[in-house]
There are 2 protein chains.
Amino acid sequence: MLEEHLVSPTPDALTTFLQRQIHSGCLVQVAGEMEVQYMGRAMSMAEAGQYLVLLKGDGSLQVHGPKGVKPMNWQPKTDSVQVTVERGYCVLRAHRRKPDELVTITMLLPTLAQAIRLQEAAFELSGSEAQMQETLARHPELIEPGLTVLNRELVTAAGGIDLYARDREGRFVVVELKRGRATQDAVSQLARYVDAAQRLTGGVVRGILAAPEMTGPARLELERRVLEFVQVTALPALEQQAVQPGLFD
Amino acid sequence: MLEEHLVSPTPDALTTFLQRQIHSGCLVQVAGEMEVQYMGRAMSMAEAGQYLVLLKGDGSLQVHGPKGVKPMNWQPKTDSVQVTVERGYCVLRAHRRKPDELVTITMLLPTLAQAIRLQEAAFELSGSEAQMQETLARHPELIEPGLTVLNRELVTAAGGIDLYARDREGRFVVVELKRGRATQDAVSQLARYVDAAQRLTGGVVRGILAAPEMTGPARLELERRVLEFVQVTALPALEQQAVQPGLFD
DNA sequence: GCGTGTATATCGTGG
DNA sequence: CCACGATGTACACGC
């Protein structure tokens with residue numbers, strides 16, 4: 001799995017290594033003192049420091065500092081990655097055409113370069129909004145008795161309505177789901193959809209925000225707009241699962 | 001800078017290594033076959049695959065697969081990281097209290113473990129919205145002649161207004177900035193602020209969306225709400241800088 | 001700790 | 001390609 005491993009390579013050796021490994025499909029790493037420059041949607045300059053570069057097989061690039069999940073610099077996709085020797089340093093340029101972006105890394109003092117082969121396996125996530133939507137579409141009574149779901153992800157000019165339904169009295173209902181605490185933004189979003197639906201149908205349309213909880217200001221905004229709130233949870237049985245023995249032994 | 005380096009360590013050796021290095025302030029890596037489980041805001045399970053774990057000195061954790069900038073699993077902050085041997089495997093548990101989250105990694109076949117010392121240096125970013133705001137606050141004429149800025153980041157019940165100003169005719173103006181293409185959401189946001197300002201002042205308040213461009217639907221929504229658009233760019237001189245010689249030689 | 005908003009957001013989806 | 005919205009968003013900032 002560790003395909004290649006260089007310690008304190010010379011600029012030439014690092015350049016050759018990178019040129020060889022970049023298209024190998026491996027995850028390629030370089031650690032050491034470097035300077036990183038970015039130009040594109042914004043611009044940034046990181047002066048000489050010790051960083052870790054990850055270049056993945058799909059062409060994505062990230063430069064990590066000592067802190068945080070988020071890389072200091074990155075490039076989600078690259079159209080070309082060039083490695084050259086310039087002024088005695090190995091220089092890596094990762095370019096992306098749309099949007100036009102360039103990350104330039106000057107390897108001042110590389111101390112480590114290696115290639116690792118990774119392999120992804122099955123990955124399952126529960127508790128996403130998509131899953132909530134599926135559950136509620138199958139069991140709309142969890143929102144309100146007598147509710148009938150007409151559409152999921154109904155596309156309108158205002159955007160996609162999570163659930164479009166009819167209540168037991170025949171009124172149309174727009175449901176906006178949030179998997180976490182709902183904010184004012186969620187209320188604005190719901191209001192926009194309700195407006196759009198009202199313009200389309202001509203009648204009165206109810207708007208329901210379905211979320212585990214909401215912020216105080218969101219509640220005020222919701223009441224001001226005469227919209228409704230229904231409590232739903234993304235992970236109904238989480239509490240039970242959390243007390244399963246063996247987790248913190 | 002490369003503080004320690006183990007190849008295909010035994011579970012015991014890996015456990016000892018991790019327990020020692022976790023509080024060293026180094027960036028700690030483990031690569032190899034592993035199983036990753038997450039429980040907290042949601043739940044996830046990654047079956048046995050080849051992944052790369054990064055544990056940084058600030059307690060953040062990320063598990064990378066072969067593709068993408070975003071880690072497959074992560075933990076932005078941890079309150080405790082425990083490493084034990086269980087059923088013959090080295091098991092790492094990264095726990096966070098608020099929100100209550102747990103990432104569990106079972107190292108099935110570690111092929112590489114190492115500790116690297118990183119050091120951050122000066123980092124400068126241009127073209128952020130904050131910088132746009134500063135520029136426009138100093139040169140409000142770029143938005144409109146005769147504009148006087150009253151507040152930056154004015155906090156209201158509806159949220160923070162980027163720029164609050166008065167036009168040459170004395171009307172209040174709410175300016176919402178976007179550093180990229182503005183969407184319907186941005187228009188909703190602006191509308192919410194304008195509503196709030198109108199309720200406060202009692203008079204008519206203008207709303208200006210200042211961005212480099214906007215989407216088609218956003219434009220329609222803007223017009224429907226009788227709001228205005230002004231073109232501003234986050235990086236005014238980018239084109240000139242992009243054709244500087246030496247970039248693609 | 002909450003609420004809010006930005007981000008070079010990234011990423012997937014659907015038209 | 002564009003538009004839109006979710007994300008276990010992360011992260012910084014103000015109260």
Side-chain angles (χ1 to χ4, degrees), chain A residues 38-44 60-62 67-77 96 98-103 125-133 153 155-162 176-186 189 192-193 213-218 234-235 238, chain B residues 38-44 60 62 67-77 96-103 125-133 153-162 176-186 189 192-193 213-219 234-235 238:
Chain A
Y38 162 74
M39 262 189 55
R41 285 169 288 178
M43 285 174 60
S44 77
S60 65
L61 168 82
Q62 42 196 310
K67 292 189 304 188
V69 167
K70 195 186 158 197
M72 175 188 69
N73 261 290
W74 68 91
Q75 193 84 285
K77 275 175 193 158
R96 182 188 188 180
K98 188 81 198 223
D100 192 4
E101 295 183 302
L102 180 68
V103 172
L125 178 81
S126 334
S128 64
E129 190 187 292
Q131 219 174 62
M132 263 176 81
Q133 190 185 117
E153 287 299 338
V155 178
T156 72
I161 294 176
D162 286 341
E176 172 63 26
L177 297 181
K178 287 295 161 201
R179 71 168 306 289
R181 187 176 294 185
T183 63
Q184 290 191 73
D185 265 6
Q189 209 179 330
R192 206 171 73 221
Y193 299 154
E213 47 184 342
M214 62 196 306
T215 67
L235 287 173
L238 184 60
Chain B
Y38 162 75
M39 262 190 55
R41 286 170 287 177
M43 285 174 59
S44 77
S60 65
Q62 43 197 308
K67 292 190 304 189
V69 166
K70 198 185 157 198
M72 175 188 69
N73 261 290
W74 68 93
Q75 195 80 288
K77 275 175 192 160
R96 182 187 188 180
R97 246 175 242 125
K98 188 85 198 222
D100 192 5
E101 296 183 300
L102 179 68
V103 172
L125 178 80
S126 334
S128 64
E129 191 186 292
Q131 218 174 61
M132 262 176 83
Q133 189 185 117
E153 288 297 340
L154 175 64
V155 177
T156 72
I161 294 176
D162 287 340
E176 171 63 26
L177 296 181
K178 287 295 162 202
R179 69 169 307 291
R181 186 176 295 185
T183 63
Q184 290 190 75
D185 264 7
Q189 209 178 335
R192 206 171 72 222
Y193 298 154
E213 48 183 343
M214 62 196 306
T215 68
R219 179 169 291 283
L235 288 173
L238 185 59

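Hydrogens, waters and symmetry mates are skipped; everything else that's a heavy atom, side chains included, is used. Quantities reported herein were computed from a predicted structural model and do not represent experimental measurements. Here is how names work: the chains are called A, B, and so on, in the same order as the sequence lines, proteins then strands, and each is numbered from 1.
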Seminar exercise, completed: Side-chain contact check for A/E129: nearest option of D/dT7, C/dC11, C/dT6 is D/dT7
For this session: Classify the nucleic acid contact of A/G68 as base, sugar-phosphate or nothing, counting any heavy atom under 4.0 Å across all strands shown.
Result: sugar-phosphate
For this session: Have a look at A/E176 and say if it touches a base, only the backbone sugar-phosphate, or nothing, with a 4.0 Å heavy-atom cut-off.
Result: sugar-phosphate
For this session: Report yes if at least one side-chain N or O of A/Y193 is closer than 4.0 Å to OP1 or OP2 of D/dG5; otherwise report no.
Result: yes
Seminar exercise, completed: Taking every heavy atom of A/P76 against every heavy atom of A/R96, the minimum-distance pair comes out as CD-NH1, 3.3 Å
For this session: Remember a base hit wins even if backbone is also touched, and classify B/G127 as base, sugar-phosphate or nothing at under 4.0 Å, heavy atoms.
Result: nothing
Exercise. In Å and rounded to the nearest 0.5 Å, what is the CD to CD distance from A/E129 to A/E176?
Worked result: 6.5 Å
Exercise. Which nucleotide in the list C/dT6, C/dT8, D/dA3 gets nearest to the side chain of B/T215?
Worked result: D/dA3
For this session: Would you mind reading off the distance between A/L61 atom CG and C/dT10 atom C1', rounded to a whole angstrom?
Result: 14 Å
For this session: Under 4.0 Å between any heavy atoms, over every strand shown, what does B/S44 touch: base, sugar-phosphate, or nothing? Just pick one.
Result: nothing
Seminar exercise, completed: Of A/Y38 and B/K70, the one whose nearest nucleotide on DNA chain C sits closer to the 5' end is A/Y38
Problem set entry | Atom-pair distance (CE on A/M72; C1' on D/dC11), nearest Å | 16 Å
Exercise. Taking only side-chain nitrogens and oxygens of B/R181, does any of them come within less than 4.0 Å of OP1 or OP2 of C/dA9?
Worked result: no
For this session: May I ask you to verify if any side-chain N or O of A/Q184 is less than 4.0 angstrom from the OP1 or OP2 atom of C/dT4?
Result: yes
Problem set entry | Presence of donor-acceptor pair under 3.5 Å, side chain of B/Q75 and base of D/dG8 | yes
Problem set entry | Any A/T156 side-chain heavy atom under 4.5 Å of A/I161 side chain | yes
For this session: Establish, with yes or no, whether the OP1 or OP2 oxygen of C/dT10 is under 4.0 angstrom from a side-chain nitrogen or oxygen of A/R41.
Result: yes
Problem set entry | Atom pair distance, as rounded to whole Å: NZ in A/K178 and C1' in D/dA6 | 7 Å
For this session: Have a look at B/G216 and say if it touches a base, only the backbone sugar-phosphate, or nothing, with a 4.0 Å heavy-atom cut-off.
Result: sugar-phosphate
Problem set entry | Any B/W74 side-chain N or O less than 4.0 Å from OP1/OP2 of D/dA10 | yes
For this session: Using a 4.5 Å cut-off on heavy atoms from C-beta on, say whether the side chain of B/K178 contacts that of B/M214.
Result: no
For this session: Please state how far atom CG in B/N73 lies from atom P in D/dA10, giving the value in whole angstrom units.
Result: 11 Å
For this session: Using atom CZ of B/R219 as one end and atom P of D/dA3 as the other, report the distance to the nearest whole Å.
Result: 11 Å
Problem set entry | Whole angstrom value for the distance that separates P of C/dA9 from CD of A/Q62 | 17 Å
Exercise. Of the non-hydrogen atoms in A/G40 and B/L235, which two are nearest, and what is the gap between them?
Worked result: O-CD1, 3.5 Å
For this session: Assign A/R192 to base, sugar-phosphate, or nothing according to its heavy-atom contacts below 4.0 angstrom with the strands shown.
Result: sugar-phosphate
Seminar exercise, completed: By nearest-heavy-atom nucleotide on DNA chain C, the more 5' of B/K67 and B/A158 is B/A158
For this session: For the side chain of B/D162, starting at C-beta, report the closest nucleotide among C/dT8, C/dT6, D/dG8.
Result: C/dT6
Exercise. Does OP1 or OP2 of D/dC2 have a side-chain N or O of A/K98 closer than 4.0 Å?
Worked result: yes
Exercise. Between D/dT9, C/dT10, D/dC4, which one does the side chain of A/P76 approach most closely?
Worked result: C/dT10
Exercise. Taking the side chain of B/V69 as its heavy atoms from C-beta onward, which of D/dT9, C/dC11, C/dT8 lies nearest to it?
Worked result: C/dC11
Problem set entry | Length of the line joining A/D185:CG and C/dT4:C1', which is rounded to integer Å | 8 Å
Exercise. Can you tell me how far P in D/dG8 sits from the matching atom in D/dC4, rounded to whole Å?
Worked result: 22 Å
Exercise. Which one, D/dC4, D/dG8, C/dT8, comes nearest to the side chain of A/R179?
Worked result: D/dG8
Exercise. Separation of A/E153 atom CD from D/dG5 atom P, in whole Å?
Worked result: 9 Å
Problem set entry | Over all atoms of both residues, closest heavy-atom pair of A/L177 and A/Q133 | CD1-CA, 3.5 Å
Exercise. Which of these nucleotides, C/dA7, D/dT9, D/dC4, is closest to any side-chain atom of B/P217?
Worked result: D/dC4
Problem set entry | B/V103 side chain, from C-beta outward: closest of C/dT8, C/dT6, D/dG8 | D/dG8
Exercise. B/M132 versus B/D162: any side-chain heavy-atom pair under 4.5 Å?
Worked result: no
